[in-house]
Number of protein chains: 2
Amino acid sequence: MTNNSTPIACDLLIEAGWIVPVEPHGVVLANHAVAVREGEILAVLPISEARIAYRPTETISRPQSVLMPGLVNAHTHNPMTLLRGVADDLPLMRWLTEHIWPIEAAVIGPQFVADGIELAIAEMLRGGTTCCNDNYFFPDVAAATYRKHGFRALVGLPIIEFPTAWATTQDDYFDRAGEVHDLYRRDPLVRTCFAPHAPYTVSDTSFERIRVLSDQLDVPVHCHVHETAQEVADALKQHGMRPLARLDRLGIVNDRLIAVHMTQLTDAEIALCAARGVSVAHCPESNLKLASGFCEVEKLRRAGVNLALGTDGCASNNDLDMFGEMRSAALLAKAVANDASALDAASTLRMATLGGAVAIGMGETIGSIVPGKRADLACVDMDRIETQPLYDPISQLVYATGRQHVTDVWIDGRAKLRDGALIDIDTAALIANARHWRERIAIIGTKS
Amino acid sequence: MTNNSTPIACDLLIEAGWIVPVEPHGVVLANHAVAVREGEILAVLPISEARIAYRPTETISRPQSVLMPGLVNAHTHNPMTLLRGVADDLPLMRWLTEHIWPIEAAVIGPQFVADGIELAIAEMLRGGTTCCNDNYFFPDVAAATYRKHGFRALVGLPIIEFPTAWATTQDDYFDRAGEVHDLYRRDPLVRTCFAPHAPYTVSDTSFERIRVLSDQLDVPVHCHVHETAQEVADALKQHGMRPLARLDRLGIVNDRLIAVHMTQLTDAEIALCAARGVSVAHCPESNLKLASGFCEVEKLRRAGVNLALGTDGCASNNDLDMFGEMRSAALLAKAVANDASALDAASTLRMATLGGAVAIGMGETIGSIVPGKRADLACVDMDRIETQPLYDPISQLVYATGRQHVTDVWIDGRAKLRDGALIDIDTAALIANARHWRERIAIIGTKS
């Protein structure tokens, strides 16, 4: 492959104390390097060999850091970053009806979406997240904002059975979805998918249209499913069957489906998800904070279901911290399974990277550090008080590392964070803008 | 109180955008200042008034920060910081018998204890923790290390029914406990308490001696109680009663008791704890990681039981992050109580400050920002991407803030962290020393 006499030109060589490639599973490569050209991972090899084999334009050396795939946040509502902590510690329906919905009714629009996503992108990059699966209104604005910042995203095209600022009738939602999809169908970073809100807010006919269109357009379907016991009980009353059974009857339960939350699952439903290739996006902190229930992730994992990890939106988390979410997922799974060996560190890291990539239809492109994939990467400093001593880099990433230990991030081979500083984002302006929104929104909160 | 013509001299005036004093409960004071003299809080008042009333030697201005009481870690084993992540994702008995115990047998001694605690002090200070309730062997070394670093601590005097490197017979344990107690009985920062390991490792006669001595010496009793269902089942077999009932029969269930974990509680036991003034030290992340069970903190809170919060040791957490622990406690309590309004942010913050102080017998001294208490304080920056927008400072502290947002820490009025940097600790030397221990311990791990 390499010719000793003629080093191969590349754009970037990242040398790290440890590389955790995620594929193969559970492997740690000490003193390895990644060579990148035109945004693509060319090779993963020992540093000593890399220095002979490659002639990089730029070399980044991180001897006390772990290099890992960028994190994939598999479920979020990023415009809601502007609603971080606006109403906490409330019962679900009071939280929605007295706070979140009145505020959204007053502020939803292109500017709210763009500004919320910009704040979210800054937070995600600072925490090692390089890709997200976003679900909100104004997907046209969302997609444009991700493209502008060079951030990889799957943008949900919302389908819901009532009028909003984004669309009015069922036809209107589908027409607008089609338009946004077409605009981004060949974009290198931003893709779209259908995002029917939930079984209880989307009709059979809409799900049937989504089934046909998702096959035609070859896109995922991103949907909240079995979030609470109440949702399942209501569906049994209204439809005479559990929501997952209804979705199955409508042809939605297949390998395009990203089923979010899934706190209520029978063993038969777990087997069904495994057989059909459904991906489950687990949001442990949102499930806890809203008292939604416990997702049986270890059972899902053992059944072979592809698991992804999401923070959910900042109104119910209240952050976009995927390191914190990994830790919560790994800890909670053990208590729920009553087994301290459940959801081990390597499996948790897979959820937060490759599992998320597979769920959103990017499993061939990102999620692990292997030649041929795009260079979405994060460097984590292990030379801190909080990350010492270092016995096992994968354990350390999941159980001891915080997002503040992320120093460098690349998306598609482009540097986005360097030594902890955002490269092309004006932090002070973002914070000033967040304060401006706070002034506006706090008043609505008081009035409502 | 203040004389407009003659400002009162003080050592330190801290001006903050917001002060969260914890007492009164749930209050946020905007643009307030704290005046400190000789380590004591003199006053809490609006900045504009403070500038007239006080003539400080030093003024610290933090207009975009929250000033809060330093966090009290109510249960930890700090020497085990050197075992952070040494063996994760294992069933409890394999974890103990194949990893933790063999390693401890090989390394336990004064140097391990001192070095582990120094690393822990650095981590705690960087995360806003100013006091801990530590429980390990060699309490003489532990107490000396806390005193050396000016860190406030309650040091447990271990009692256990088998020989260790620290002591051999029952008499030996009690003799040594008495010696260490006497050395620190008048120390301004370091105090001692009895630390019987657990009901299943301590005999009736030892508990009886502890009951008498804890009254004579006026010290708390720090004990793991009802950590797992197995512990309760075993006790029913061996003693014909649940551990808490046995402790009650032995006179231990009173307002000196810091009962740690308490994942298995009947309603009658909760009522007993409330009636007797027992403090419960809740360790949510340790309980999750070791699959110990779920503590019903909201039930305990509603019953009026004093709640404290602890990280447990780094072998089962794997950090000393009290911000993370607050967040985990608040989130988990909601899911366990099936109520999104359970354990609200203000109650969680109280657990991590005043509740801990009360539990360890320092409720009159620390845990809240009120005149007459010692100045154990932490400043948290709200001017970051991750802490914007800011709607509610207490919600933000619990749900959105990370320990990395702590910029300044004082213990007993002395600055210990300034602008995120440790003042009198050599970070590089600590990390080098942790690496040295890692080399030694990793080899034992492999051999065992």
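All chains are named by letter (A, B, ...) in the order of the sequence lines, taking the proteins before the strands, and each is independently numbered beginning at 1.
- A:A291 approaches B:A340 most closely through the heavy-atom pair CB-N, 3.7 Å.
- With a 4.5 Å cut-off on non-hydrogen atoms, A:L90 touches chain B through its backbone but not through its side chain.
- For chain A, no part of B:E439 is nearby; none of its heavy atoms comes within less than 4.5 Å.
- When each of A:L82, A:D392, A:L343, A:D321 is checked for heavy-atom pairs under 4.5 Å with chain B, A:L82 comes out on top.
- Residue contact with chain A, scored on non-hydrogen atoms closer than 4.5 Å, involves the side chain of B:L430 exclusively.
- When each of B:D319, B:D89, B:N318 is paired with A:Y399, the side-chain hydrogen bond (donor to acceptor under 3.5 Å, both in side chains) condition holds for B:D89 and for no other.
- For the side chain to side chain contact (heavy atoms under 4.5 Å, CB included) criterion with B:P389, the lone passing option out of A:I441, A:L119, A:N433, A:L83 is A:L119.
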Problem - Intermediate values then yes/no, side chain to side chain contact (heavy atoms under 4.5 Å, CB included), A:D88 and B:D344 - result: CA-CA 8 Å; A:D88 290 321; B:D344 61 287; over 6 Å; no

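- At a 4.5 Å heavy-atom cutoff, B:R94 makes no contact with chain A through either its backbone or its side chain.
- Neither the backbone nor the side chain of A:E118 has a heavy atom closer than 4.5 Å to any heavy atom of chain B.
- Of the atoms belonging to B:L390, it is backbone heavy atoms, and not side-chain ones, that fall under 4.5 Å from chain A.
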Handout entry: Steps toward side chain to side chain contact (heavy atoms under 4.5 Å, CB included) verdict (B:I431, A:D383)
Key = CA-CA 7 Å; B:I431 291 174; A:D383 203 32; 3.5 Å; yes

Handout entry: From CA spacing to verdict: side chain to side chain contact (heavy atoms under 4.5 Å, CB included), B:Q404, A:E386
Key = CA-CA 11 Å; B:Q404 68 273 23; A:E386 292 76 10; over 6 Å; no

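- Most heavy-atom pairs under 4.5 Å with chain A, from the set B:E123, B:R435, B:Q396: that is B:R435.
- Summarising the geometry, atom CG belonging to A:N287 is positioned 10.5 Å from atom CG belonging to B:L331; distances are rounded to the nearest 0.5 Å.
- Of the atoms belonging to B:N317, heavy atoms from both backbone and side chain fall under 4.5 Å from chain A.
- In this structure, A:F294 CZ and B:F294 CZ are separated by 4.5 Å, a value rounded to the nearest 0.5 Å.
- In terms of heavy-atom pairs under 4.5 Å with chain A, the best-connected choice from B:A335, B:A345, B:A400 is B:A335.
- Considering only heavy-atom pairs separated by less than 4.5 Å from chain A, the leading option among B:R84, B:R384, B:R126 is B:R84.
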Problem - Chi angles and distances behind the side chain to side chain contact (heavy atoms under 4.5 Å, CB included) call for B:Q388, A:R438 - result: CA-CA 9 Å; B:Q388 282 293 325; A:R438 185 231 167 256; 5.7 Å; no

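- Among A:L320, A:N338, A:I385, the residue making the largest number of heavy-atom pairs under 4.5 Å with chain B is A:I385.
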